[in-house]
Student: 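Sharing a structure with you now.
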Amino acid sequence: QVQLVESGGGLVQPGGSLSLSCAVSGLSLARYAIAWFRQAPGKEREGVAVMSARDNNKYYGDSMRGRSTISRDTAKNTVYLHLTTLEPEDTGVYYCAADLVATLFFTAYESWGQGTQVTVSP
């Protein structure tokens, strides 16, 4: 059974940093790309970053390019998302998702975590 579990969200001040984790079970990071998405209240889910399986290529969405870094630890089957210079507009639920193809289109993904809340506020 595929399971993705996000953690690391919380309250952070503007300009601060946060590291999120996505613990994956039931599939191999050597075959599946893992992506991070976020969704603010009343807005559509948008892609933040994705890492491909075989060649470790990383792709970033426009909204957080330059302020986010995706990485992984295959030994721990965990993917990370490091966020910096956070702004109130970055507030939302951050999700990780798995698919055979590395894409930032959320409709392509069927396996999702439950999400972790990130709130950026003074």
Side-chain angles (χ1 to χ4, degrees):
Q1 181 179 358
V2 176
Q3 192 172 18
L4 297 93
V5 179
E6 302 94 336
S7 61
L11 175 64
V12 61
Q13 292 187 343
S17 301
L18 208 58
S19 289
L20 308 180
S21 299
C22 174
V24 181
S25 59
L27 58 84
S28 171
L29 296 185
R31 290 193 62 218
Y32 283 80
I34 303 297
W36 283 95
F37 294 85
R38 69 178 187 179
Q39 188 163 20
K43 293 189 177 181
E44 192 173 78
R45 195 166 296 190
E46 63 175 351
V48 177
V50 61
M51 175 176 275
S52 62
R54 289 190 175 88
D55 51 17
N56 292 341
N57 283 339
K58 303 172 185 179
Y59 307 95
Y60 295 92
D62 292 339
S63 61
M64 298 200 77
R65 184 176 291 119
R67 299 188 297 123
S68 61
T69 303
I70 190 170
S71 62
R72 72 182 185 184
D73 184 334
T74 53
K76 295 181 178 180
N77 232 37
T78 299
V79 178
Y80 305 96
L81 183 69
H82 185 62
L83 306 172
T84 62
T85 321
L86 286 163
E87 305 165 352
E89 293 74 23
D90 296 319
T91 294
V93 180
Y94 285 68
Y95 300 89
C96 60
D99 194 74
L100 291 171
V101 178
T103 175
L104 287 175
F105 292 102
F106 71 89
T107 55
Y109 290 83
E110 293 187 352
S111 299
W112 292 85
Q114 82 290 347
T116 185
Q117 175 71 41
V118 173
T119 302
V120 184
S121 179

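Positions are given from 1 along the sequence.
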Student: Mind jotting down which residue pairs meet the disulfide (SG to SG under 2.5 Å) criterion with at least one end in residues 63-95? Sequence neighbours excluded, please.
Tutor: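 Output for this query is empty, none listed.
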Student: If we only count heavy atoms from C-beta on, is the Val50 to Thr103 side-chain gap below 4.5 Å?
Tutor: no
Student: Considering only residues two or more places apart or on different chains, which pairs with a residue in residues 112-122 satisfy salt bridge (charged side-chain N to carboxylate O under 4.0 Å, His left out)?
Tutor: none
Student: Does any N or O in the side chain of Asp99 come within less than 3.5 Å of the main-chain N or O of Phe106, such that one atom is a donor and the other an acceptor?
Tutor: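 The answer is no, because no donor-acceptor pair under 3.5 Å joins these two groups.
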Student: Determine, using the 4.5 Å side-chain heavy-atom cutoff (strictly less than), whether Met51 and Tyr95 are members of one ILVMFWY cluster.
Tutor: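 Looking at the clustering, Tyr95 is in a separate group from Met51.
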Student: Which pairs, with at least one residue in residues 23-94 and sequence neighbours excluded, count as a disulfide (SG to SG under 2.5 Å)?
Tutor: none
Student: Determine, stepwise, if the pair Leu86 / Met64 fulfils side chain to side chain contact (heavy atoms under 4.5 Å, CB included).
Tutor: CA-CA 9 Å; Leu86 286 163; Met64 298 200 77; 3.9 Å; yes
Student: Apply side-chain contact (heavy atoms from CB on, under 4.5 Å) to Ser25 and list each qualifying residue two or more places apart in sequence or on a separate chain.
Tutor: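 Applying side-chain contact (heavy atoms from CB on, under 4.5 Å) to Ser25 gives Gln3.
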Student: Using the rule that Ile, Leu, Val, Met, Phe, Trp and Tyr join whenever any side-chain heavy atoms are under 4.5 Å apart, tell me whether Leu29 and Leu104 fall into a single cluster.
Tutor: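 The answer is no; the residues belong to distinct hydrophobic clusters.
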Student: Which residue pairs satisfy the disulfide (SG to SG under 2.5 Å) criterion with at least one member in residues 79-122, sequence neighbours excluded?
Tutor: Cys22-Cys96
Student: Could you tell me the separation between the CD1 atom of Ile34 and the CG atom of Leu81, rounded to the nearest 0.5 Å?
Tutor: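 Ile34 CD1 to Leu81 CG: 12.5 Å, rounded to 0.5 Å.
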Student: Once salt bridge (charged side-chain N to carboxylate O under 4.0 Å, His left out) is applied, what residue pairs with a partner in residues 113-122 remain, sequence neighbours excluded?
Tutor: none
Student: If the condition is side-chain hydrogen bond (donor to acceptor under 3.5 Å, both in side chains), which residues does Ser28 pass it with, not counting sequence neighbours?
Tutor: none
Student: Indicate yes or no: at least one non-hydrogen side-chain atom of Gln117 is less than 4.5 angstrom from one of Thr91.
Tutor: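 They are in contact (side-chain heavy atoms under 4.5 Å apart), so the answer is yes.
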Student: Taking side-chain contact (heavy atoms from CB on, under 4.5 Å) as the test, write out the residues that go with Asp62, two or more places apart.
Tutor: Arg65
Student: Just to verify, what does Val118 make a side-chain contact (heavy atoms from CB on, under 4.5 Å) with, not counting sequence neighbours?
Tutor: Leu18, Leu20, Tyr94, Val120
Student: Under the side-chain contact (heavy atoms from CB on, under 4.5 Å) rule, collect the residues that match up with Ser111, sequence neighbours excluded.
Tutor: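 For Ser111, the residues satisfying side-chain contact (heavy atoms from CB on, under 4.5 Å) (neighbours in sequence not counted) are Val2, Leu4, Ala98.
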Student: Going by side chain to side chain contact (heavy atoms under 4.5 Å, CB included), Leu83 matches just one of Ser17, Ser19, Ser68. Which one?
Tutor: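 Between Leu83 and the candidates, side chain to side chain contact (heavy atoms under 4.5 Å, CB included) is satisfied uniquely by Ser68.
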Student: Going by the salt bridge (charged side-chain N to carboxylate O under 4.0 Å, His left out) test, which pairs reach into residues 66-87, not counting sequence neighbours?
Tutor: Arg67-Asp90
Student: Please check: side-chain N/O of Ser52 versus main-chain N/O of Asn57, any donor-acceptor pairing under 3.5 Å?
Tutor: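 Yes; at least one donor-acceptor contact below 3.5 Å.
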Student: Same cluster or not: are Val5 and Ile70 linked, directly or through other Ile, Leu, Val, Met, Phe, Trp or Tyr residues, by side-chain heavy atoms under 4.5 angstrom apart?
Tutor: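 They do not share one cluster, since no chain of ILVMFWY contacts under 4.5 Å joins Val5 to Ile70.
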Student: What are the two closest non-hydrogen atoms of Ser21 and Thr78, and how far apart are they?
Tutor: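 Nearest heavy atoms, Ser21 then Thr78: CB-CG2, 4.2 Å.
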Student: Is there a donor-acceptor pair under 3.5 Å between the side chain of Glu6 and the backbone N or O of Gln114?
Tutor: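 Flag set: sc Glu6 to bb Gln114 pair under 3.5 Å.
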Student: Please report the closest heavy-atom contact between Val48 and Arg38, naming both atoms and the distance.
Tutor: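 That would be CG2-CG, 3.8 Å.
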Student: Taking ring-ring contact (aromatic ring centres under 6.0 Å, His included) as the cut-off, I'd like each qualifying pair that reaches into residues 34-90, sequence neighbours left out, listed once.
Tutor: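 Residue pairs passing ring-ring contact (aromatic ring centres under 6.0 Å, His included), neighbours aside: Phe37-Tyr109, Phe37-Trp112.
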Student: Of all the heavy-atom pairs spanning Ala33 and Ala53, show the shortest one and how long it is.
Tutor: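 Heavy-atom minimum between the residues: N-CB, 4.1 Å.
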